[in-house]
2 protein chains.
Amino acid sequence: MTDNSKTSLDIVIENLISIHPLLAKNITRAIRTKTHHTPGELFVLGTLNHHGKLSMTEIGNHLSLPKPHVTSLVEKLICEELVERFHDTNDRRIIYIQITEKGIKEFREIKNEIGQDLRQKLQILDAEELKDLSQASQYLKDILIKILQQSLNSNNTNI
Amino acid sequence: MTDNSKTSLDIVIENLISIHPLLAKNITRAIRTKTHHTPGELFVLGTLNHHGKLSMTEIGNHLSLPKPHVTSLVEKLICEELVERFHDTNDRRIIYIQITEKGIKEFREIKNEIGQDLRQKLQILDAEELKDLSQASQYLKDILIKILQQSLNSNNTNI
DNA sequence: GTTAATAGTTATAATTTTGTAACCATTATT
DNA sequence: AATAATGGTTACAAAATTATAACTATTAAC
């Protein structure tokens, strides 16, 4: 066995592949049961909550969603006035989607709702563990965002 | 603003909610393009790779999949001889699913395939960052598994 | 000015996931 | 022995995601 020759990189990849379904279990399920939004809708709202404003194409790239899907998801969010759309003044082809005040408020509330179960489950951890976990998750998040940006600049082959 | 009063717990939850779609982008998409398995199939295989052997119900609980879905996913995996099924000798209602040698090998290969893109993207990190990341991801994974077990023992209301 | 490329939409189909209800076999309860 | 509960399957429907192709509007390239 060459198991002890595993690189940090191997470990990271294995862990990410394990973490994904665990998060899916806890988060996607909470979205389904606790909100009237689909996971896709909420991920778009979350991305806009983070970035403020993005073009349709950028949204698709960030979340790896096919363009037509982005169109329909954004449409639903617009109907609820959680986001709004406006044209780029320089290039009228580009449509920017921006989160509204209502959208920000809604996302915050939903985040709270969704967090409830996790919150409860995380209570078995003591303060120290929780602090470690917040740092670990922060680090992972930052790296993933960094990687994502990277891939947006290089690999811009259309979805 | 009471923003600076955010607890570690709040931060963890926000981060997890952000991390999920980022992983979904990188992993689910890779599964779709690089393998002939569906994400669901692969998550079942991955869980069995981790646990070795689980009952149908346990698989569903681990991944939050409805029972009928588990049945169909396992069936496909059995067709490819990646897992096999056998009855519990004490309680003949229970059917255990166990990963085969072929399944272990297949999962290892797929993990490699899927990791390729991530691997490439992670190369912008230096050795130190990579080590930190491997620790952070390991910590997060362990905690999530711990939380998951917890929820399996208490909340055993059927999916 | 014509052609090519880009941003986004519309329409439509296929796949995957989720949700329900009815059902069989087996075990537990009384 | 009769009844209830559990583990799993079958059958089916609904929702969500993914994938394509054709299309409009606008900008870029020649």
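No experiment lies behind these values; they were computed from the predicted model shown. Proteins come first, then strands; the chains are lettered A, B, ... in the order of their sequence lines, and each starts at number 1.
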(message) Assuming nearest nucleotide by heavy-atom distance, tell me which of A:T28 and A:R93 is located more 5' along DNA chain C.
(response)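 Checking each residue's closest nucleotide, the 5'-ward one belongs to A:R93.
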Does atom [atom1] of [X] have more than 12 heavy-atom neighbours, drawn from other residues, nucleotides or ligands, at distances under 6.0 Å?
X: A:K76; atom1: NZ; answer: yes
X: A:K131; atom1: NZ; answer: no
X: A:Q120; atom1: CD; answer: no
X: A:K105; atom1: NZ; answer: no

For [X] and [N], what is the distance between atoms [atom1] and [atom2] respectively, to the nearest whole Å?
X: A:H87; N: C:dT9; atom1: NE2; atom2: C1'; result: 12 Å
X: A:L63; N: D:dT17; atom1: CG; atom2: C1'; result: 13 Å
X: A:L73; N: D:dA16; atom1: CG; atom2: C1'; result: 9 Å
X: A:I27; N: C:dT17; atom1: CD1; atom2: C1'; result: 18 Å
X: A:F86; N: C:dA7; atom1: CZ; atom2: P; result: 17 Å
X: B:H36; N: C:dT16; atom1: NE2; atom2: C1'; result: 16 Å
X: A:R29; N: D:dA16; atom1: CZ; atom2: C1'; result: 15 Å
X: A:D91; N: D:dA25; atom1: CG; atom2: C1'; result: 11 Å

(message) Once hydrogens and angles are ignored, does a donor-acceptor distance under 3.5 Å link the base of C:dT26 to the side chain of B:R92?
(response)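 No, no donor-acceptor pair under 3.5 Å.
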(request) Establish, yes or no, whether a centroid distance under 6.0 Å links the rings of B:H62 and B:H51. (result)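 Yes - the distance between ring centres of B:H62 and B:H51 falls below the 6.0 Å cut-off.
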(request) Give the nucleotide from the list D:dG7, C:dT18, C:dA5 with an atom nearest to the side chain of B:L65. (result)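 Nearest listed nucleotide: C:dT18.
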Any protein N or O atoms within reach of nucleotides 9-13 of chain D? Criterion: under 3.5 Å, listing atom names and distances.
unit_1, atom_1, unit_2, atom_2, d
D:dT9, OP1, B:R85, NH1, 2.9
D:dT9, OP2, B:T71, OG1, 2.7

(request) Applying salt bridge (charged side-chain N to carboxylate O under 4.0 Å, His left out), run through B:D10 and A:R119 and close with a yes or a no. (result) CA-CA 8 Å; B:D10 289 326; A:R119 195 176 300 271; 3.1 Å; yes
(request) Could you pick out which residue, A:E41 or B:S55, lies toward the 5' side of DNA chain D when each is mapped onto its nearest nucleotide? (result)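 The residue mapped nearer the 5' terminus is B:S55.
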(message) Does a side-chain N or O of A:T57 approach OP1 or OP2 of C:dT6 to a distance below 4.0 Å, or not?
(response)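 No.
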(message) Does B:N90 reach a base, just sugar-phosphate, or nothing at all? Heavy atoms under 4.0 Å.
(response)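 Sugar-phosphate, backbone atoms only, no base.
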(request) Look at the side-chain heavy atoms of Ile, Leu, Val, Met, Phe, Trp and Tyr, link any pair under 4.5 Å apart, and say whether B:Y96 and B:I59 land in one connected group. (result)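 B:Y96 and B:I59: separate clusters.
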